[in-house]
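Down below is the structure, laid out as structure tokens.
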Amino acid sequence: MQTTDPLERYSRQMRLPGIGKAGQERLLASRVTLCGCGALGTVLANALVRAGVGFVRIVDRDFVEPSNLQRQVLFDETDIAENLPKAEAAARKLRQINSTVTIEPIVADINRSNIEDLCHDVDLILDGSDNFELRYLINDLAIKLSKPWVYAGAVGSEGMSMTIVPGQTPCLRCVFEAAPAPGEAGTCETAGVLGPAVGVIANFQAAEALKILSGNLAAINRDLLVLNLWDNIIRRVRIAPLAGRKGKCPCCALRRFEWLEGEHGTQTTTLCGRNAVQVSHRRSSRLDFETLAQSLRTSGSVTYNKFLLKFQLNENGEFYEFTVFPDGRAIIKGTSEPDKARILYARYVGY
Amino acid sequence: MAILVEIPPPLREAAGGNVHIQVTGTTVGEALTDLIRQHPALGTKLFDNGQLRPYINVFVNDEDIRYLEELQTPIQDGTTIALIPAVAGG
Ligand SMILES: [Zn+2]
């Protein structure tokens with residue numbers, strides 16, 4: 001850039017009373033881990049890197065696919081042709097946008113064994129994920145390490161977000177004791193997703209991030225924001241009184257980190273020689289096959305009886321067959337890679 | 001004026017495709033009972049053995065019933081009850 005003042009590129013942002021030169025310098029010195037780089041994550045990364053957040057670690061387990069381009073703003077057709085992982089493709093684009101900040105792409109599945117390594121040295125954790133298993137894990141770690149994080153989710157034309165500051169606000173489990181059962185909430189694959197809906201909610205998250213990182217904690221949103229762009233619903237519901245849920249929130253009140261300690265979550269086992277992986281998901285209630293079948297029919301063929309549900313899927317020319325059991329366990333045929341199976345499970349069964 | 005229940009997208013199929021449903025009752029519990037009377041398919045979506053499912057949050061005029069009086073929270077004409085489950089994707 002043809003400029004002598006490295007802050008010139010942020011001049012319009014520094015003009016905001018809440019930021020100024022001091023706030024900008026804090027942004028430049030701040031560090032963030034972005035968990036997931038899909039629709040939410042690309043919008044978040046774009047906003048943060050342009051704003052001058054000094055260090056952004058981008059962790060994602062997936063590759064860029066044609067169906068991503070409708071909403072995942074950092075990717076293009078070249079990334080697909082080169083078969084790039086999302087974290088790497090995002091980093092390449094972001095370095096062209098702002099070469100003065102540090103971007104650290106990491107291609108990995110975030111789980112309870114690596115999340116602390118990925119997040120221990122940052123000021124803020126951002127949720128760019130697409131599943132509740134990871135969100136509860138982030139929540140556990142954020143409360144344990146007393147780091148702020150910003151949750152958001154989007155499906156269909158609907159999005160929601162809340163900002164978690166340990167000790168000051170409710171945590172995710174104070175508000176959402178449990179995630180919807182597989183098949184009950186819809187995923188972006190089964191229910192679709194409107195690009196602008198996820199863009200709006202991710203930019204809302206990004207604004208929260210900039211407030212926190214620039215030292216404006218007093219300005220954060222302390223409500224749960226819920227919006228539906230198609231139905232013209234915008235709601236801010238009050239959740240502040242839920243903080244600690246009367247001293248009984250397992251996470252922030254009792255400091256039992258059940259997801260971090262592996263009492264919940266997904267386990268995978270490769271079934272040798274069968275090109276199949278078993279995905280087990282601990283859950284307390286039985287799956288409702290009727291609901292799950294309904295949500296899967298738009299993506300492939302489904303049959304079920306009392307004992308199991310079969311779901312056949314052709315995804316980008318690859319064939320997969322899911323056999324799902326009432327306890328949430330699934331055998332996914334068509335891959336021998338545990339990471340791929342977890343992705344497919346999260347995508348279609350939805351956790 | 002009436003009492004309206006706002007139905008989130010994942011539950012709309014069980015609610016005849018409606019975004020808003022008018023109900024009667026003097027408490028949240030009564031309103032939800034009337035809602036299920038009108039759309040029985042919502043019954044098992046909202047309740048499990050008489051308990052609200054833990055991932056369905058109920059807000060009365062944007063206040064969470066868990067810090068009000070739960071299902072006994074009083075309501076009146078003009079109240080909006082929003083059912084808000086966690087949104088998963090992204
Ligand atoms: Zn909590």
Side-chain angles (χ1 to χ4, degrees), chain A residues 36 38-41 127-132 135 151-161 172 174-181 184-191 193 198 201-202 223-224 226 228 230-231 233 235-242 245-246 285 288 291 294-295 346-347 350-351, chain B residues 4-22 28 36 39-73 75 78-90:
Chain A
L40 294 168
D127 169 18
S129 82
D130 60 0
N131 65 86
F132 260 93
R135 290 181 177 121
Y151 152 69
V155 169
S157 54
E158 192 181 35
M160 92 175 20
S161 179
L172 186 69
C174 291
V175 179
F176 297 106
E177 288 166 39
E184 299 214 333
T187 67
C188 295
E189 278 63 33
T190 58
V193 61
V198 70
I201 209 74
D223 296 333
L224 173 68
V226 184
N228 190 321
W230 210 261
D231 300 331
I233 293 170
R235 228 173 234 305
R236 277 177 58 191
V237 293
R238 208 158 70 93
I239 54 171
L242 296 173
R245 287 291 297 286
K246 300 174 184 152
S285 60
D288 176 9
T291 307
Q294 233 165 41
S295 77
R347 215 176 252 177
Y351 205 88
Chain B
L4 283 183
V5 182
E6 198 173 283
I7 309 292
L11 297 183
R12 283 190 197 151
E13 201 168 313
N18 293 293
V19 178
H20 290 103
I21 292 171
Q22 198 172 321
V28 170
I36 292 165
H39 297 282
L42 283 172
T44 57
K45 305 259 177 207
L46 297 178
F47 289 93
D48 184 18
N49 289 325
Q51 299 278 355
L52 256 181
R53 291 192 179 269
Y55 55 87
I56 305 266
N57 291 355
V58 181
F59 291 84
V60 170
N61 294 339
D62 298 337
E63 303 277 343
D64 194 309
I65 62 166
R66 288 174 296 182
Y67 58 75
L68 300 172
E69 293 166 56
E70 307 265 351
L71 291 173
Q72 271 71 55
T73 303
I75 52 172
T79 297
T80 298
I81 300 174
L83 306 176
I84 304 187
V87 172

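Labels below follow one simple rule: chain letters A, B, ... track the order of the sequence lines, proteins then strands, and each chain is numbered from 1.
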Hey, is B/D62 close enough to A/R236 for a salt bridge, meaning N to O under 4.0 Å?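 Salt bridge flag = no for A/R236 with B/D62.
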Part of [X] lying under 4.5 Å from any heavy atom of chain B:
X: A/D223; value: neither
X: A/V193; value: neither
X: A/I233; value: side chain

Residues in ring pair (Phe, Tyr, Trp, His ring centres under 6.0 Å) contact with A/Y151, at least two apart in sequence or another chain: A/F132
Checking heavy atoms, do the side chain of B/A82, its backbone, both or neither come under 4.5 Å from chain A?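 Only the side chain of B/A82 comes within 4.5 Å of chain A.
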Region of B/N57 in contact with chain A, defined by heavy-atom distances below 4.5 Å: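 Only the side chain of B/N57 comes within 4.5 Å of chain A.
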Determine whether more than 12 heavy atoms belonging to other residues, nucleotides or ligands lie under 6.0 Å from atom CD of B/E13. no
Heavy-atom closest contact (B/A86 atom, A/M160 atom, distance):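 Closest approach of B/A86 to A/M160: CA-SD, 4.0 Å.
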Top contributor to chain B contacts, counting heavy-atom pairs under 4.5 Å, from A/G36, A/G153, A/A152, A/G38: A/G153
Given side chain to side chain donor-acceptor pair (under 3.5 Å), test A/S129 with A/N131 step by step and report yes or no. CA-CA 6 Å; A/S129 82; A/N131 65 86; 4.7 Å; no
